[in-house]
2 protein chains.
Amino acid sequence: MQTRAEDDESIAATARAFPEAEQVSPDIRRPRPPQLRDVARAADVSISVASRALNRDPNLRARETTIERVFAAARELQYRANAAGRSLRTRAVGAIGVILPDVNNPFFSELLSGIEEGCDENDVMPLFGRAERLNDNPHLLRNLVNEGRADGFLIQPTDVFPAAAFRTLAVDRVSSVFLNSHSVDAQSSVVLDDRAGIALATRHLLDLGHRRVGFVGGLPDNDNASLRREAFEATMAAMGLTVERRWVTDRGFAFADGQRALGEMVDAGELPSALVVATHNAALGVLRESLTRGIDIPTSLSVVSLHDSPAAAYSWPALTSVRMPLRELGRRAVSTLLQVMDDGIPRHEFITDPAPHLVMRESTRERGLSRLHTPRRD
Amino acid sequence: MQTRAEDDESIAATARAFPEAEQVSPDIRRPRPPQLRDVARAADVSISVASRALNRDPNLRARETTIERVFAAARELQYRANAAGRSLRTRAVGAIGVILPDVNNPFFSELLSGIEEGCDENDVMPLFGRAERLNDNPHLLRNLVNEGRADGFLIQPTDVFPAAAFRTLAVDRVSSVFLNSHSVDAQSSVVLDDRAGIALATRHLLDLGHRRVGFVGGLPDNDNASLRREAFEATMAAMGLTVERRWVTDRGFAFADGQRALGEMVDAGELPSALVVATHNAALGVLRESLTRGIDIPTSLSVVSLHDSPAAAYSWPALTSVRMPLRELGRRAVSTLLQVMDDGIPRHEFITDPAPHLVMRESTRERGLSRLHTPRRD
DNA sequence: TTGAAAGCGCTAACAA
DNA sequence: TTGTTAGCGCTTTCAA
């Protein structure tokens, strides 16, 4: 039996642990979610029949009515299999890590939708992570795997990525699919038809009568950047046009790179009459720099970019761009990853359908036409 | 001993199970991650001592060297506790769902960083989800809980949110914290000092000599919008200034709402000399509309917005804005959620530190000053 | 100061 | 056609 002092201390300890316990009613505890055994009981079958019915085990030879009873019970109870129990048994957690750089890049919105669609279709859970986080926490990917939180990864690499973080994936033999990366060390990949996109953008300018066409590209040692530049040069060459060196830049894919590219072209002398910009953010940078420098787009310079986004409609002037099938990229990336996880065989998928599509806005115009809309007064 | 026929059948079965096994070398299998038993063996202790040492169980009375041995072994093996095993036992998974609208809103980048920081500090895993997804899949949150994938939620609600999806959280007694929502039905919340932010923006304009100041606000039945509008009116009143009705709009927080607000103000007649815009995207819309309509910012109209983002530096002209402590909001939201999950007591936190901070760019100017930088030619 | 063992929810091998 | 049961990796109670 406790003394009075002990009673007091015990009460005090309780009070410290629950400083506002009086505000919490005891029945506020969250009820236990329904379990497989509840479903089995409700359907009047054994737990194992319930499990095999819900998982559509082909080896289960049961009456159709029995199976239907199980499903009805599961629906009724809003049963969802506990992920931990299942994962412990199956050594797979039904979740994939999705590592993207720079989540606020406006063009990701559609990619994210596609990935979520693919996940919904295949009943897996996406775990989104910003690539920046790998800098603070280089073991993140390995930890995710070792903790059994992710079965595989979707990764969009960039120039500024900690490549070492991805090496460990190969070492640990974790399935991963790279998004729109033509880099050779991708184990598996799903890529867009960048070549067709750039060709479409370039031909658009040629169709408008432009002949002095420049190219704002990515860093020279980036595989995607080289591919896009080659596609530009090939399209020009197919028309019998040569590309002036001074009108081709390779500063990078970011907003500031686009600003710098246009600035340097201006400083170097005469401008081309039109520019293909290899990526969306750089094109926004070009637009911004043209405002700063008083270059009128599209009257004196037409600009078209690879990749579209909502921000393209918001810019000044609204940006003409080539819309790439990013939603499809996301969906296919998920299904490809699941296949790779299933059989361990690397795959390289190429998305040609739907094809790239030109979205005409205000930043391109026929060569030599004067602008139509209200000029900004000064 | 097996017969030849049995051998054959066994081989056939293997082939069926691994249809393209010849392409996969046998050692390509992913090695089993280290387990607690491996750590225990390496440290020469029992599995239970290892567990209690790693979890810093205060009831464990063990030699310091023993504990150190366990940690050394864990480090050596890169041990990470399997989440499924732990979760099965503890009924908590160490993950929180983070539901945000409109991931590509540029201002989220900093909020996301803060949330990830908070998660790293507390060793929990964020599961990001776009609110749009709740439309396709209204049971998402409940499923996440019933599957044992998330222990609680961080939610940023908006006008277009399926409120019903959140009701179920309360019904199911799932801990959740609302981000910067002053809405009354938030069980718990962490909010910024919007009032101070709006006051700072307004005073900035007043300090520049503006007296005819307008306000571009959110929808009238949005709690945050009302609060911001009241703060604006209070700051004006404190200076003895009245607010003209026609210079106050309540179209909403989106880009297009800002465009529409300015358009309607222009159509209605004389403009104020300065505008406080209650949110970032709407301010970008105001800037865009001013270009369309040939209104020179900041010469004829100064614009300042609540909330800053990288896009503010990219707009034309670069947007002067009030930087709110979004990173801190993210960090505190995580720690608050963990507290609520721990004791079930709702909390309402108010972030005043760091204080809102004015970021001067190009969209505000002293009343009556002509512009300094190179005008855009026409 | 340390260890043995039960049991979390599920799947699948095996038994009936 | 259906049921019983072992065991996935971990934490924690209880015993030593």
Side-chain angles (χ1 to χ4, degrees), chain A residues 30-70 73-74 77 79-94 123 143 145-149 151, chain B residues 13 17 30-70 73-74 77-95 123 143 145-149 151:
Chain A
R30 173 145 64 87
R32 167 172 82 50
Q35 305 190 352
L36 188 54
R37 75 162 71 105
D38 302 319
V39 175
R41 197 178 302 128
D44 196 29
V45 296
S46 77
I47 201 175
S48 95
V49 168
S51 168
R52 290 151 73 196
L54 291 175
N55 291 322
R56 302 194 178 284
D57 178 349
N59 294 324
L60 172 62
R61 304 287 321 148
R63 257 186 296 270
E64 204 37 65
T65 58
T66 309
I67 294 180
E68 185 40 53
R69 232 172 39 241
V70 173
L77 295 170
Y79 169 76
R80 298 286 300 184
N82 176 286
R86 170 177 283 169
S87 137
L88 212 46
R89 184 63 221 222
T90 61
R91 315 188 121 275
V93 70
D123 207 23
N143 287 350
V145 171
N146 282 0
E147 290 170 0
R149 289 191 194 270
D151 301 324
Chain B
R30 175 144 63 87
R32 170 173 77 53
Q35 305 189 353
L36 188 54
R37 76 163 69 106
D38 303 318
V39 175
R41 197 177 302 126
D44 196 29
V45 296
S46 76
I47 207 173
S48 96
V49 168
S51 169
R52 290 150 73 195
L54 292 175
N55 292 322
R56 304 195 177 282
D57 178 350
N59 293 323
L60 171 63
R61 306 285 321 147
R63 256 186 295 273
E64 202 39 63
T65 57
T66 308
I67 295 181
E68 185 39 54
R69 231 169 44 236
V70 173
L77 294 169
Q78 302 209 44
Y79 169 76
R80 299 286 300 184
N82 177 286
R86 169 177 285 170
S87 140
L88 211 47
R89 183 61 220 224
T90 60
R91 314 189 121 273
V93 69
D123 208 22
N143 288 350
V145 171
N146 282 359
E147 290 170 0
R149 288 192 195 269
D151 301 324

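Naming convention: chains lettered A, B, ... in sequence-line order (proteins, then strands); numbering from 1 in each chain. Heavy-atom basis, side chains included; hydrogens, waters and symmetry copies ignored. Everything numeric in this text was worked out from a predicted model, so none of it was measured.
A donor-acceptor contact under 3.5 Å is formed by the side chain of B/R52 with the base of C/dG3. Contact annotation: side chain of B/S48 to base of C/dA5, donor-acceptor pair absent below 3.5 Å.
A distance of 10.0 Å separates CD1 in A/I67 from CZ in A/R52, rounded to the nearest 0.5 Å. Annotation: the span from A/R86 atom CZ to B/E147 atom CD amounts to 8.0 Å, rounded to 0.5 Å. Going from atom CZ of A/R91 over to atom CG of B/N82 covers 8.0 Å, rounded to the nearest 0.5 Å. The CG atom of A/D57 sits 9.5 Å away from the OG atom of A/S48 when rounded to the nearest 0.5 Å. The distance from the CG atom of A/N146 to the CD atom of B/Q35 is 10.5 Å, given to the nearest 0.5 Å.
A/R86 has a side-chain polar atom (N or O) that falls below the 4.0 Å cut-off from OP1 or OP2 of C/dT11. For the OP1/OP2 pair of C/dG9 and a distance below 4.0 Å, the side-chain nitrogens and oxygens of A/Y79 include no atom meeting the criterion. Residue A/S51 places no side-chain N or O under 4.0 Å from the OP1 or OP2 atom of C/dC10. Contact annotation: A/R63 does not reach the phosphate of D/dT1 (side-chain N/O to OP1 or OP2, under 4.0 Å).
Remark on DNA chain C: of its neighbouring residues A/Q35 and A/D57, the 5'-side contact belongs to A/Q35, judged by nearest-heavy-atom nucleotide.
The nearest whole Å value for the distance from the CG atom in B/D44 to the P atom in C/dG3 is 8 Å. D/dC8 atom C1' lies 14 Å from atom CG of B/D38, rounded to whole Å. Rounded to whole Å, the distance from CD1 on B/I47 to P on C/dA6 is 14 Å. Rounded to an integer number of Å, the gap from B/L60 CG to D/dT13 C1' is 14 Å. As rounded to whole Å, 16 Å separates atom P of D/dG9 from atom CZ of A/R149. Put simply, CG on B/N55 is 11 Å from P on D/dC10, counting in whole angstrom units. Distance CD (A/E147) to C1' (D/dC10): 13 Å, rounded to an integer number of Å. Atom CZ in B/R89 sits roughly 8 Å away from atom C1' in C/dA6 (whole-Å rounding).
Terminal axes of the helix from C/dT1-D/dA16 to C/dA16-D/dT1 (five pairs each, C1' rotation axis) are separated by 50°, to the nearest 10°.
Residues passing the salt bridge (Lys or Arg N to Asp or Glu O under 4.0 Å) test with A/R63: none are found, sequence neighbours excluded.
Counting non-hydrogen atoms under 4.0 angstrom, A/S87 reaches nothing in the nucleic acid. At a threshold of 4.0 angstrom between heavy atoms, the contacts of B/A84 with the nucleic acid are absent. Across all strands shown, B/R61 has heavy atoms under 4.0 Å from base atoms, whether or not it also approaches the sugar-phosphate.
Nearest heavy atom pair, residue B/R69 against residue B/V45, reads NH2-CG1, 3.6 Å. The two residues A/L88 and B/G85 come nearest to each other via the heavy atoms CD1-N, 3.7 Å.
Comparing D/dG3, D/dC10, C/dC10 against the side chain of A/L36 picks out C/dC10 as the nearest.
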